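Below, read A as the first sequence line, B as the second, and so on, with proteins coming before strands; counting in each chain starts at 1. What's counted below: heavy atoms across the whole structure, side chains too, no hydrogens, waters or symmetry copies. Being a predicted model, the structure only gives us computed values, none of them experimental.
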Number of protein chains: 2
Amino acid sequence: MSGVRSAATLRMDARRNVDRIRVAAVEVFRDQGLAVPLEEVAAVANVSKATIFNRFGGRTGLIDAVIDDVVAAELRAIIDDTRSVPGVRERIRHYVRAIRDLQYRLPAVNDVLLQEFPDSEALMALCHVAGAIHDDLVAEGHAAGVLARGFTAGDLHALTLDNALALKHGDRPSRTDYERRTAFVLAGVCPEAPPA
Amino acid sequence: MSGVRSAATLRMDARRNVDRIRVAAVEVFRDQGLAVPLEEVAAVANVSKATIFNRFGGRTGLIDAVIDDVVAAELRAIIDDTRSVPGVRERIRHYVRAIRDLQYRLPAVNDVLLQEFPDSEALMALCHVAGAIHDDLVAEGHAAGVLARGFTAGDLHALTLDNALALKHGDRPSRTDYERRTAFVLAGVCPEAPPA
DNA sequence: GGACAAGTTGACTCACCGAGTCAACTTCCT
DNA sequence: AGGAAGTTGACTCGGTGAGTCAACTTGTCC
């Protein structure tokens with residue numbers, strides 16, 4: 001809402017800077033999460049921090065502008081993939097593995113899930129979409145009798161939130177350790193089918 | 001190492017303040033964790049922050065002075081209790097339930113487990129003791145075949161650390177939700193005996 | 001090819017937060 | 001009473017990153 005004008009009327013150097021900043025933001029946000037100092041983004045874009053404010057009006061505007069390239073696409077892909085997995089049990093197991101994998105690979109999703117930037121509408125929307133699938137999976141899971149007794153959508157939510165917090169604030173485990181632990185989580189919540 | 005002199009030579013008002021501060025510190029640390037601003041402790045003790053520095057030389061000294069009453073006793077109690085539970089499976093299950101319960105009740109243990117104050121020797125010692133039991137339990141568990149295949153002492157450690165981070169940085173769940181989730185964790189790691 | 005608006009930027013202020021310090025004051029004790 | 005021991009309010013300090021702005025640079029259009 002400050003010096004942000006439409007792309008049509010932007011001078012060439014300004015348009016170039018907008019592009020640079022977007023590219024830099026996607027890269028830096030993906031690597032370091034959405035809370036990274038804007039100075040870092042500016043440095044990678046070869047631009048001064050003030051230019052980010054001129055063009056995007058601050059962190060929230062920048063997040064809205066790039067969130068799709070940073071995480072939304074991948075998050076939606078997971079949800080779509082999941083919905084297309086046949087078999088309730090495997091669908092749930094697939095989702096848990098996929099979301100945990102994404103959380104490990106992309107710290108930025110954790111910022112989304114934790115709602116660290118509630119000012120960004122784009123981000124909150126994402127969050128809501130992510131929440132919806134939990135309800136569906138848990139309902140299906142119980143209907144099919146493949147989920148642990150008493151397991152709620154809130155529990156599934158908490159599972160991802162706790163994991164987000166662990167990854168955000170703790171030491172990141174090796175991929176091997178992490179995947180092994182994913183398996184234990186699954187075993188407690190939606191165990192593999194017993195061998196027929 | 002500054003104005004801290006032995007209890008014997010302390011003037012009466014000073015001795016009274018030392019006591020007040022200890023009492024306040026135990027209460028405040030238990031409620032709010034070891035990272036609480038020293039001003040809070042001072043306020044509860046009806047004393048100025050400077051007095052804490054005079055008497056204990058800062059947070060580290062204060063922690064060392066009260067850690068036992070804050071958490072060490074309870075932590076050791078859990079370990080002793082655990083060691084006396086007969087049956088490997090129930091021993092492990094008891095430990096996991098007990099430590100998670102303690103983490104919920106006493107935020108301060110989480111600061112200990114997370115090693116937030118590595119300057120305090122008392123605290124680091126505790127941490128080591130807590131680590132030791134993990135190795136033992138996991139070894140026993142595998143020998144008895146009651147643990148999930150591939151589960152390591154590091155995994156048990158990670159379980160408590162991740163939980164510590166979740167409680168420290170996230171919203172604290174209701175006790176009911178928390179305990180239900182404890183059960184899912186156990187189910188994935190050291191399931192109940194199948195009905196004989 | 002120059003004038004002026006658009007754009008950029010370095011250097012700034014600001015806010016936050018709690019640790020730790022110290023000179024001046026108060027209390028205890030003999 | 002007097003002087004050491006003790007207390008304290010008000011201070012500095014450090015680190016961090018958002019957001020601002022006056023002065024400068026560059027693009028654009030005639």
Chemist: Using the C1' atoms of five pairs at each end, what's the angle between the two axes of the helix from C/dG1-D/dC30 to C/dT30-D/dA1, to 10 degrees?
Modeler: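 Roughly 20° between the end axes, to the nearest 10°.
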Chemist: Please determine whether side-chain contact (heavy atoms from CB on, under 4.5 Å) holds for the pair A/N163 and A/Y178, giving the CA-CA distance in whole Å, both sets of side-chain angles, and the decisive distance to 0.1 Å.
Modeler: CA-CA 10 Å; A/N163 189 42; A/Y178 184 77; 2.8 Å; yes
Chemist: Salt bridge or not between A/D177 and A/R180? Use side-chain N to carboxylate O under 4.0 Å.
Modeler: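 A salt bridge is present here (some side-chain N lies under 4.0 Å from a carboxylate O).
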Chemist: Same cluster for B/L186 and B/V88 if Ile/Leu/Val/Met/Phe/Trp/Tyr side chains link at under 4.5 Å?
Modeler: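 Per the 4.5 Å side-chain linkage, B/L186 and B/V88 are co-clustered.
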Chemist: Under 4.0 Å: is that the gap between some side-chain N or O of A/N17 and OP1 or OP2 of C/dT8?
Modeler: yes
Chemist: For a 4.5 angstrom cut-off between non-hydrogen side-chain atoms, does A/R181 reach A/R100?
Modeler: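 Counting from C-beta outward, A/R181 and A/R100 do come under 4.5 Å.
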Chemist: Which whole-number value in Å describes the distance from A/N46 CG to C/dT8 P?
Modeler: 13 Å
Chemist: Can you check whether A/H142 and A/F151 have ring centres sitting under 6.0 Å from each other?
Modeler: no
Chemist: Could you check if a side-chain atom of A/L161 sits within less than 4.5 angstrom of a side-chain atom of A/N110, using non-hydrogen atoms only?
Modeler: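 Sidechains of A/N110 and A/L161: no contact.
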Chemist: Can you tell me which residue among B/D69, B/L106, B/L62 is in a side chain to side chain contact (heavy atoms under 4.5 Å, CB included) with B/F29?
Modeler: B/L62
Chemist: Hey, is the side chain of B/R55 poking within less than 4.0 Å of OP1 or OP2 on D/dT7, counting only N and O atoms?
Modeler: yes
Chemist: Judged by atom type as modelled, is there a donor-acceptor pair below 3.5 Å linking the side chain of A/R91 to the main-chain atoms of A/V85?
Modeler: yes
Chemist: Could you state the CG-P distance from B/L62 to C/dA19, rounded to the nearest angstrom?
Modeler: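 The answer, rounded to whole Å, is 11 Å.
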Chemist: Mark up nucleotides 13-29 of chain D, 5' to 3', with B wherever a protein heavy atom is under 4.0 angstrom from a base atom, S wherever such an atom reaches only the sugar-phosphate, and - elsewhere.
Modeler: ----SBBBB----BSS-
Chemist: Please report the distance, rounded to the nearest Å, between CZ in A/R20 and P in C/dG7.
Modeler: 16 Å
Chemist: With a 4.0 Å limit, can you tell me whether B/S48 has a side-chain N or O closer than that to the phosphate oxygens OP1/OP2 of D/dT7?
Modeler: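 Answer is no, no contact under 4.0 Å.
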